[in-house]
**Student:** 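My questions will all concern the structure given below.
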Amino acid sequence: MNKKFYITTPIYYPSAKPHMGHAYSSIIADFFARFKKIDGHEVHFLTGTDEHGLKIQRSAEKQGVDTLEFCNKISQTFRDLSKTLNLTNTDFIRTTEKRHKKTVQHLWNELENNDDIYLSKYTGWYSVSDEAFYNEDEIEEVDGNKIAISSKSNVEWIEEESYFFRLSKWQKPLLNYYETHPNFIGPETRKNEVISFVKSGLKDLSVSRKSFSWGIKVPNNKNHIIYVWLDALTNYLSALNYPDTNDELFKNFWPASVHLIGKDILRFHAIYWPAFLLAAKIELPSRIYGHGWILSGEEKMSKSKGNILDPIEIINQYGLDPLRYYLIKEVSFGNDGNISQEKLEDCINSDLANNFGNLCQRVTTFAIKNCESKIPKRIEFQKEDLEILDKYKNNLDNIRKKIDNQNINFYIDYIVNSLFEANKYFNDQEPWKKKDNPLRLNTIVFTGLEIVRKISFMLYPIIPNSSLKALKIFNLTEKDINFSSIENNEFLAKDSEINEIDILFKKIEKKND
RNA sequence: GGCGGGGUAGCUCAGUUGGUUAGAGCGCAGGACUCAUAAGCCUGAGGUCAGUGGUUCGAUCCCACUUCCCGCUACCA
């Protein structure tokens with residue numbers, strides 16, 4: 001039986017068009033999905049859109065369009081983004097789909113039957129203009145009017161009937177779970193935040209709303225709709241056809257291997273979600289990972305600052321793979337990352353064009369000119385050849401381990417180092433001086449080609465299109481890529497034709513200022 | 001305010017369970033080569049590892065204080 005891997009992105013809230021943060025989450029998820037795929041796993045990779053809630057309803061009203069039509073349109077832009085980013089997602093779920101409603105209502109019933117949901121009243125100081133509730137200590141009285149201290153807007157006392165989830169009951173089980181499953185939340189600092197939050201005490205959670213209608217109805221009370229988070233989180237299950245636990249998808253892929261999310265929604269994933277699952281007696285996902293934000297030059301991107309880097313525009317200008325590579329390489333995974341167009345250009349020139357692209361080119365061209373355009377047949381490895389080739393062999397398990405710990409930076413640093421070594425190898429061996437020694441020349445060329453092939457395999461999860469382009473040198477295609485085969489030093493078919501390839505990455509001409 | 005993380009080369013960041021000359025990439029300067037996208041390779045410049053005090057034979061790494069930055073501190077997601 002194949003090993004299974006189930007990874008999810010957040011489902012995106014389509015109240016606005018996709019931005020770099022969405023692109024980042026998706027690209028990273030795709031990286032893991034592709035890596036696991038070439039490492040022999042059966043992969044389920046889910047992304048989608050979260051389409052309920054007051055904000056969506058209002059946005060649609062504002063534009064005077066039907067709410068579902070509004071969602072259809074914006075959800076499509078996210079579907080398009082998946083294409084643009086070349087994601088290998090195996091499904092795309094929308095919370096407005098029937099399959100999802102069915103699952104959410106089933107889960108609701110489970111929770112209610114287990115006495116984890118009860119009907120009560122929600123009370124609090126509400127500001128209509130802020131759309132927010134405030135605590136007693138966040139308001140003050142001025143001229144007999146209650147106002148919110150932070151925004152100075154009027155607040156009114158609201159009492160609304162609401163269903164509650166007994167979150168408080170799960171405080172101890174959650175803490176216990178965190179302790180017995182130290183890898184449940186990553187990275188470590190986020191885990192600490194979550195734990196300290198839970199330790200500070202959990203109140204029951206209001207899980208229904210009466211004030212608006214755009215959502216999934218509470219099964220036995222049509223006046224209420226289900227709180228968006230209980231709704232949204234459930235997508236990870238509905239995409240596997242839960243509650244049909246005999247369904248192949250569910251049997252194969254639950255519990256999820258990784259829910260990849262941004263740090264801003266960690267609480268919902270690391271506290272509410274596991275609490276819901278515990279209450280419904282469903283197994284918990286293996287890992288929740290909250291990555292950082294993508295910032296533009298130290299600041300959050302904002303229109304007024306004019307520092308927005310729109311993923312689509314960047315891709316149109318530089319291409320997809322450079323963006324994928326840059327985001328994965330330059331952002332220290334787990335932390336916030338500062339990106340800039342200038343750094344992106346530097347990265348393209350030094351890493352992709354000069355280092356990887358040029359390596360492919362120099363080795364290939366040399367082989368074409370000196371080995372009759374064929375992969376050398378007669379070779380005899382020497383110490384220095386095996387030294388560089390065997391290094392890969394000895395690192396595969398280590399790389400797998402690092403990937404399972406989401407240590408993306410290790411992975412890409414390993415590749416970059418390999419590129420330096422490869423270029424150095426070719427330099428030191430000086431095959432252009434070995435024209436009177438065909439055996440040696442052939443061996444060096446073969447070794448060079450093997451290295452290009454190994455590195456191209458490793459680069460596939462990061463820059464799939466470029467990797468495949470490079471592999472055309474050897475007539476290799478996607479189905480040939482196999483991570484384990486990196487330890488094979490004689491993978492390439494000897495005596496087979498070598499193809500000339502176009503330049504992989506064009507250098508960016510930088511402006512002089 | 002409380003809890004947590006952090007301040008390391010011009011820039012982005014690693015690292016040290018305390019031990020002789022503190023690392024990488026980019027950028028910068030010089031050199032040898034020429035297969036290659038004037039790419040690659042070699043060498044070098046550049047840091048009082050935020051500050052002060054303490055523990056220690058010895059601290060960038062441990063402790064205390066100071067200072068600056070950031071995150072979390074429940075129902076907008």
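Chain A is the first sequence line, chain B the second, and so forth, proteins listed ahead of strands; every chain is numbered from 1. All values below come from the heavy atoms of this structure, side chains included, with hydrogens, waters and symmetry mates left out.
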**Student:** Expressed in angstrom and rounded to an integer, what is the separation of A:Tyr425 atom OH from B:C35 atom C1'?
**Tutor:**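 One finds 13 Å between C1' of B:C35 and OH of A:Tyr425, rounded.
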**Student:** Mind checking who B:G25 pairs with, Watson-Crick or G-U wobble, both distances under 3.5 Å?
**Tutor:**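 Looking at the geometry, B:G25 pairs with B:C11.
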**Student:** Tell me which nucleotide among B:G71, B:C35, B:A77 gets nearest to the side chain of A:Trp229.
**Tutor:**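 In terms of side-chain proximity for A:Trp229, the closest of B:G71, B:C35, B:A77 is B:A77.
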**Student:** Indicate yes or no: does A:Glu421 engage A:Lys391 in a salt bridge with an N to O separation below 4.0 Å.
**Tutor:**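 Salt bridge present between A:Glu421 and A:Lys391.
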**Student:** Hey, does A:Lys369 reach any base, or is it just sugar-phosphate, or nothing, if we go heavy atoms under 4.0 Å?
**Tutor:**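 A:Lys369: backbone/sugar contact only, no base atoms under 4.0 Å.
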**Student:** With rounding to whole Å, what would you report as the distance between B:C26 and B:C63 at their P atoms?
**Tutor:**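 B:C26 and B:C63 have their P atoms separated by 35 Å.
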**Student:** Which value, in whole Å, describes the distance between the C1' atoms of nucleotides B:G4 and B:G44?
**Tutor:**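 Result for the C1' pair: 42 Å, nearest Å.
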**Student:** For B:U20, what is the paired nucleotide under Watson-Crick or G-U wobble rules, both distances under 3.5 Å?
**Tutor:**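 None - no nucleotide pairs with B:U20, as no candidate has both distances under 3.5 Å.
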**Student:** At 4.0 Å (heavy atoms only), tell me whether A:Gly262 reaches a base, stays on the sugar-phosphate, or touches nothing.
**Tutor:**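 Here A:Gly262 touches no strand at all.
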**Student:** Protein-nucleotides 40-44 of chain B N/O pairs closer than 3.5 Å?
**Tutor:**
from: B:G40; atom 1: O2'; to: A:Arg362; atom 2: NH1; distance (Å): 3.1
from: B:G40; atom 1: O2'; to: A:Asn427; atom 2: OD1; distance (Å): 3.2
from: B:G40; atom 1: N2; to: A:Asn427; atom 2: ND2; distance (Å): 3.0
from: B:C41; atom 1: O4'; to: A:Asn427; atom 2: ND2; distance (Å): 2.9

**Student:** Verify the distance criterion only: is there a donor paired with an acceptor across the side chains of A:Gln341 and A:Tyr318 at less than 3.5 Å?
**Tutor:**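 Judged by distance alone, the side chains do pair up.
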**Student:** Would you mind classifying the nucleic acid contact of A:Ser206 as base, sugar-phosphate or nothing, using non-hydrogen atoms under 4.0 angstrom?
**Tutor:**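 Answer is base: heavy atoms of A:Ser206 come under 4.0 Å of a base.
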**Student:** Looking only at side-chain atoms of A:Ile503, point me to the closest of B:C75, B:C72, B:U37.
**Tutor:**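 Among the listed nucleotides, the one closest to the side chain of A:Ile503 is B:U37.
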**Student:** According to the Watson-Crick and G-U wobble definitions, with both distances under 3.5 Å, which nucleotide is paired to B:G1?
**Tutor:**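 Looking at the geometry, B:G1 pairs with B:U73.
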**Student:** I'd like to know if the side chain of A:Tyr12 pairs up with that of A:Asp50 as donor and acceptor (distance under 3.5 Å, no hydrogens or angles considered).
**Tutor:**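 No, because no side-chain N or O of A:Tyr12 sits under 3.5 Å from a partner of the opposite role on A:Asp50.
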**Student:** Has A:Trp432 got its ring stacked on B:C35, by the test of a centre gap below 5.5 Å and a plane angle below 30°?
**Tutor:**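 The base of B:C35 is stacked with A:Trp432 (centres under 5.5 Å, planes under 30°).
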**Student:** Do any of residues 404-414 of chain A sit with a heavy atom less than 4.0 Å from RNA chain B, and if so which?
**Tutor:**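 Listed by number, there are none.
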**Student:** Which value, in whole Å, describes the distance between the C1' atoms of nucleotides B:U48 and B:U60?
**Tutor:**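 Between the two C1' atoms, the distance is 11 Å.
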**Student:** Pick base, sugar-phosphate or nothing for A:Leu504, based on heavy-atom distances below 4.0 Å to the nucleic acid.
**Tutor:**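 Base contact - A:Leu504 has a heavy atom under 4.0 Å of at least one base atom.
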**Student:** Any non-hydrogen side-chain atom of A:Ile339 less than 4.5 Å from a side-chain atom of A:Leu327?
**Tutor:**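 Heavy-atom side-chain distance check passes, below 4.5 Å.
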**Student:** If you assign A:Leu167 and A:Lys507 each to the RNA chain B nucleotide with the nearest heavy atom, which residue ends up on the more 5' nucleotide?
**Tutor:**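 Mapping each residue to its closest nucleotide by heavy atoms, the 5'-most match is A:Lys507.
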**Student:** Round to the nearest Å and state the distance from A:Trp293 atom CH2 to B:G71 atom P.
**Tutor:**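 Distance, rounded to whole Å: 7 Å.
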**Student:** Please classify the nucleic acid contact of A:Val228 as base, sugar-phosphate, or nothing, using heavy-atom distances under 4.0 Å.
**Tutor:**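 Counting heavy atoms under 4.0 Å across all strands, the contact made by A:Val228 is with sugar-phosphate only.
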**Student:** Ignoring hydrogens and geometry beyond distance, is a side-chain donor-acceptor pair present between A:Arg209 and A:Asn223 at under 3.5 Å?
**Tutor:**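 The answer is no; no qualifying pair exists.
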**Student:** Can you tell me the pairing partner of B:C41 across any strand shown, Watson-Crick or G-U wobble, with both distances under 3.5 angstrom?
**Tutor:**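 The answer is B:G31, by the H-bond criterion.
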**Student:** For A:Asp502, report the nucleic acid contact type (base, sugar-phosphate, nothing); a contact means any heavy atom under 4.0 Å.
**Tutor:**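 Since no nucleic acid heavy atom lies under 4.0 Å of A:Asp502, the category is nothing.
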**Student:** Given B:C3, B:A77, B:C75, which nucleotide is nearest the side-chain atoms of A:Arg209?
**Tutor:**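 Of B:C3, B:A77, B:C75, B:C75 is nearest to the side chain of A:Arg209.
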**Student:** Have a look at A:His100 and tell me which of A:Thr95, A:Asn235, A:Asp231 forms a side chain to side chain donor-acceptor pair (under 3.5 Å) with it.
**Tutor:**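 Result for side chain to side chain donor-acceptor pair (under 3.5 Å) with A:His100: A:Asp231.
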**Student:** What is the nucleic acid contact for A:Leu202, judged by heavy atoms within less than 4.0 Å: base, sugar-phosphate only, or nothing?
**Tutor:**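 It contacts base atoms.
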**Student:** For B:G7 and B:A14, measure between their C1' atoms and round to the nearest Å.
**Tutor:**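 Roughly 15 Å separates the two C1' atoms.
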**Student:** For A:Trp229 and A:Phe268, I'd like to know if the aromatic rings sit close, meaning centre-to-centre distance below 6.0 Å.
**Tutor:**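 Ring centres of A:Phe268 and A:Trp229 closer than 6.0 Å.
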**Student:** Are A:Asn349 and A:Asn354 close enough that a side-chain donor and a side-chain acceptor fall under 3.5 Å?
**Tutor:**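 Judged by distance alone, the side chains do not pair up.
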**Student:** Mapping A:Tyr272 and A:Asn192 to their closest nucleotides on RNA chain B, which lands nearer the 5' end?
**Tutor:**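 Comparing both residues, the 5'-ward one is A:Asn192.
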**Student:** When the P atoms of B:G40 and B:G27 are compared, how many Å lie between them, rounded to an integer?
**Tutor:**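 Those two atoms are separated by 8 Å.
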**Student:** Quick check on B:A14: is either OP1 or OP2 less than 4.0 Å from any side-chain nitrogen or oxygen of A:Ser332?
**Tutor:**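 Yes, within the criterion.
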**Student:** Is it true that A:Arg440 and A:Asp385 have a side-chain N and a carboxylate O under 4.0 angstrom from each other?
**Tutor:**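 So A:Arg440 pairs with A:Asp385 through a salt bridge.
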**Student:** Partner lookup for B:G58, please. Criteria are Watson-Crick or G-U wobble with both distances under 3.5 angstrom; report none if nothing qualifies.
**Tutor:**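 The answer is none; no pair meets the criterion.
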**Student:** Would one find a side-chain N or O of A:Lys203 under 4.0 angstrom from OP1 or OP2 of B:C75?
**Tutor:**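 Looking at the OP1 and OP2 atoms of B:C75, neither is under 4.0 Å from any side-chain N or O of A:Lys203.
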**Student:** What is the distance, to the nearest angstrom, from the CD atom on A:Gln361 to the P atom on B:A39?
**Tutor:**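 Whole-Å distance recorded here is 14 Å.
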**Student:** When both hydrogen-bonding distances must be under 3.5 Å and the geometry is Watson-Crick or G-U wobble, what is B:G53 paired with, if anything?
**Tutor:**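 Here B:G53 is engaged in a pair, and the nucleotide opposite it is B:C63.
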**Student:** Once you round it to whole Å, what is the distance between C1' of B:C75 and CG of A:Asp264?
**Tutor:**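 After rounding, the reported distance stands at 16 Å.
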**Student:** Are any of the side-chain heavy atoms of A:Lys172 and A:Trp170 separated by less than 4.5 Å?
**Tutor:**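 A side-chain contact under 4.5 Å is absent here.
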**Student:** For the side chain of A:Lys343, counting heavy atoms from C-beta on, which of B:A77, B:U12, B:C76 is nearest?
**Tutor:**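 Side chain of A:Lys343 sits closest to B:U12.
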**Student:** Could you measure between the two P atoms, the one in B:G51 and the one in B:C11, and give it in whole Å?
**Tutor:**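 About 16 Å, rounded to a whole number of Å.
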**Student:** Hey, which of A:Thr49, A:Ile11, A:Leu46 is the one that makes side-chain contact (heavy atoms from CB on, under 4.5 Å) with A:Phe92?
**Tutor:**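 Exactly one pass, corresponding to A:Thr49.
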**Student:** Rounded to whole Å, please give me the gap between CG in A:Leu266 and P in B:C75.
**Tutor:**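 Taking CG of A:Leu266 and P of B:C75, I get 16 Å after rounding.
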**Student:** Regarding A:Tyr13 and A:His52, do their side chains bring together a donor and an acceptor under 3.5 Å, going by distance alone?
**Tutor:**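 Judged by distance alone, the side chains do not pair up.
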**Student:** Indicate every side-chain donor-acceptor pair of residues 363-382 of chain A with a distance under 3.5 Å to a residue at least two apart or in another chain.
**Tutor:**
from: A:Thr364; atom 1: OG1; to: A:Cys360; atom 2: O; distance (Å): 2.4
from: A:Thr365; atom 1: OG1; to: A:Gln361; atom 2: O; distance (Å): 2.6
from: A:Asn370; atom 1: ND2; to: A:Phe366; atom 2: O; distance (Å): 2.9

**Student:** Would you tell me if any nitrogen or oxygen in the side chain of A:Lys329 comes within less than 4.0 Å of OP1 or OP2 on B:C13?
**Tutor:**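 For B:C13, neither OP1 nor OP2 has a side-chain N or O of A:Lys329 closer than 4.0 Å.
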**Student:** If you measure from the C1' atom in B:G47 to the same atom in B:U16, how many Å do you get, rounded?
**Tutor:**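 One C1' to the other, the span is 16 Å.
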**Student:** In this structure, how many angstroms lie between the C1' atom of B:U37 and the CG atom of A:Leu352, rounded?
**Tutor:**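 Interatomic distance, CG of A:Leu352 to C1' of B:U37: 13 Å.
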**Student:** Rounded to whole angstroms, how far apart are CD1 on A:Ile225 and C1' on B:C75?
**Tutor:**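 Going from A:Ile225 (CD1) to B:C75 (C1'), I get 14 Å.
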**Student:** Which value, in whole Å, describes the distance between the C1' atoms of nucleotides B:A9 and B:A50?
**Tutor:**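 Pairwise C1' distance, B:A9 against B:A50, rounds to 15 Å.
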**Student:** Roughly how many Å is it from OH in A:Tyr227 to P in B:C76, rounded to a whole number?
**Tutor:**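 Rounded to whole Å, this separation is 7 Å.
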**Student:** With a non-hydrogen cut-off below 4.0 angstrom, is A:Asn370 in contact with a base, only sugar-phosphate, or nothing?
**Tutor:**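 Counting heavy atoms under 4.0 Å across all strands, no contact is made by A:Asn370.
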